[in-house]
Engineer: 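Sharing a structure here in structure tokens format.
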Amino acid sequence: MLGVVVLGLIAAFAIALPKAADGGEGEPAASTGPLTLPDTLPGGYTAADLPEAFTGDYADRAAEISETQQAAREHGDQVLSDVLGTAVTRTYASEDLHALFVQAFRAAGGAFAPDSLPDPATAQGQAVPELVSVGDAACIVTRAAPQAGAAVDESAPPTYAQCQVSEGELTVQVGAQNLQPEDMVDIADHVLGLLQKQ
């Protein structure tokens with residue numbers, strides 16, 4: 001079980017990262033100051049690179065797991081910044097060890113879509129990604145495949161989803177399993193608000 005938890009926390013999502021952009025001719029470039037993601041997020045999420053994220057059965061391994069997460073975070077920050085400019089990533093864990101992946105970019109939001117968009121009506125028995133709007137956010141949502149002839153249960157949390165929110169030259173992406181897109185957008189909006197003050 002611990003192996004699954006650690007693997008899940010180390011994983012990162014990187015579909016359709018926004019492309020870093022310079023200011024146009026005659027326009028000042030966007031701020032290039034560093035970005036910092038918070039230690040905690042609404043919904044009981046704590047950064048997995050902090051020992052306090054792991055309690056209960058995992059308390060005795062908290063330091064080891066958080067050190068692994070810190071190394072993963074540092075590597076992710078370096079790669080994102082090398083390729084996209086000012087960008088950061090951080091993984092969070094809830095009290096029941098569900099993982100939440102957050103990335104932030106000092107860049108305007110870009111194209112955001114799954115690799116393919118098959119028609120659910122012709123993909124019976126398969127889980128297919130959908131691109132949906134949640135307020136001003138765009139979300140890629142994949143739900144469990146329904147039984148043959150049954151409709152997809154839109155009320156059930158998706159098996160995995162990613163949401164992107166953007167305002168001006170800041171973009172935040174959040175990804176998680178079994179979390180409703182609306183909740184993910186609320187978290188992304190919260191992070192965006194914090195970043196706008198940096």
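All of these numbers come straight from a predicted model, not from anything done at the bench. Heads up: numbering here begins at 1 and tracks the sequence.
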Engineer: First locate atom CD of Q70, then atom CG of L50, and finally report the distance between them rounded to the nearest 0.5 Å.
Structural biologist: 8.0 Å
Engineer: For E67, enumerate each residue passing the side-chain contact (heavy atoms from CB on, under 4.5 Å) test, keeping only those at least two apart in sequence or located in another chain.
Structural biologist: none
Engineer: Could you tell me if the side chain of V174 sits less than 4.5 Å from the side chain of F101, heavy atoms only?
Structural biologist: no
Engineer: Can you list every side-chain hydrogen bond (donor to acceptor under 3.5 Å, both in side chains) pair that touches residues 178-189, not counting sequence neighbours?
Structural biologist: none
Engineer: Taking side chain as C-beta onward, heavy atoms only, is V165 less than 4.5 Å from V185?
Structural biologist: yes
Engineer: For D49, which residues count as a side-chain hydrogen bond (donor to acceptor under 3.5 Å, both in side chains) partner, sequence neighbours excluded?
Structural biologist: R73, R90
Engineer: Can you tell me how far the OG1 atom of T46 sits from the CD atom of E52, to the nearest 0.5 Å?
Structural biologist: 7.0 Å
Engineer: Would you check if the side chain of Q198 reaches a backbone N or O of T36 as a donor-acceptor pair within less than 3.5 Å?
Structural biologist: yes
Engineer: Applying side-chain contact (heavy atoms from CB on, under 4.5 Å) to T40 and Y45, what does each step give before you reach the verdict?
Structural biologist: CA-CA 6 Å; T40 60; Y45 289 95; over 6 Å; no
Engineer: With a 4.5 Å heavy-atom cut-off, do V172 and Q103 have their side chains touching?
Structural biologist: no
Engineer: Do you know the tightest heavy-atom contact between Y160 and Q177?
Structural biologist: CD1-CG, 3.6 Å
Engineer: Is Q173 close to V102 at the side-chain level, that is, under 4.5 Å between some pair of heavy atoms?
Structural biologist: no
Engineer: Hey, does I187 have a side-chain heavy atom less than 4.5 Å from the side chain of L100?
Structural biologist: yes
Engineer: Answer with yes or no whether the hydrophobic clustering places L194 together with F105; edges join I, L, V, M, F, W, Y residues whose side-chain heavy atoms lie under 4.5 Å apart.
Structural biologist: no
Engineer: Which heavy-atom pair separates L97 from A53 by the least distance, and what is that distance?
Structural biologist: CD2-O, 4.2 Å
Engineer: Using only atom types and a distance under 3.5 Å, with no angle test, would you say the side chain of T159 pairs donor to acceptor with the backbone of T142?
Structural biologist: yes
Engineer: Flag the pair C139 / L131 as yes when at least one side-chain heavy-atom distance between them is below 4.5 Å, and no otherwise.
Structural biologist: no
Engineer: For the residue pair L35 and R106, establish whether any side-chain heavy-atom pair is separated by less than 4.5 Å.
Structural biologist: yes
Engineer: Excluding sequence neighbours, so at least two apart, what forms side-chain hydrogen bond (donor to acceptor under 3.5 Å, both in side chains) with D57?
Structural biologist: none
Engineer: List, one per line, each side-chain donor-acceptor pair under 3.5 Å for residues 78-85, sequence neighbours excluded.
Structural biologist:
residue	atom	partner	partner atom	Å
Q78	NE2	D82	OD1	2.8
Q78	NE2	D82	OD2	3.2
S81	OG	D77	O	2.9
S81	OG	G85	O	3.4
S81	OG	A87	O	3.1

Engineer: Let me check something: do L192 and M184 share a hydrophobic cluster, defined by ILVMFWY side-chain heavy atoms less than 4.5 Å apart, either directly or through other members?
Structural biologist: yes
Engineer: Is it the case that the side chain of S166 and the backbone of T171 share a donor-acceptor pair, with hydrogens and angles ignored and the cut-off at 3.5 Å?
Structural biologist: no
Engineer: side-chain contact (heavy atoms from CB on, under 4.5 Å), that's the test. Do I140 and E130 meet it? Break it down for me.
Structural biologist: CA-CA 6 Å; I140 300 169; E130 297 180 76; over 6 Å; no
Engineer: To the nearest 0.5 Å, what is the distance between NE2 on H98 and CG on L179?
Structural biologist: 9.5 Å
Engineer: Listed by chain and number, what are the side-chain contact (heavy atoms from CB on, under 4.5 Å) partners of P42, not counting sequence neighbours?
Structural biologist: H190
Engineer: Sequence neighbours left out, what passes salt bridge (Lys or Arg N to Asp or Glu O under 4.0 Å) with D136? Give chain and number order.
Structural biologist: none
Engineer: With side-chain contact (heavy atoms from CB on, under 4.5 Å) as the criterion, how do Y92 and L37 come out once you've worked through the C-alpha distance, each side chain's angles and the decisive distance to 0.1 Å?
Structural biologist: CA-CA 11 Å; Y92 295 82; L37 294 172; 3.5 Å; yes
Engineer: Quick one: side-chain contact (heavy atoms from CB on, under 4.5 Å) partners of T55, sequence neighbours excluded?
Structural biologist: none
Engineer: For E64, enumerate each residue passing the side-chain hydrogen bond (donor to acceptor under 3.5 Å, both in side chains) test, keeping only those at least two apart in sequence or located in another chain.
Structural biologist: R61
Engineer: Taking only residues two or more places apart in sequence or in another chain, which ones pass side-chain contact (heavy atoms from CB on, under 4.5 Å) with A62?
Structural biologist: P51, F54
Engineer: Taking only residues two or more places apart in sequence or in another chain, which ones pass side-chain hydrogen bond (donor to acceptor under 3.5 Å, both in side chains) with E95?
Structural biologist: none
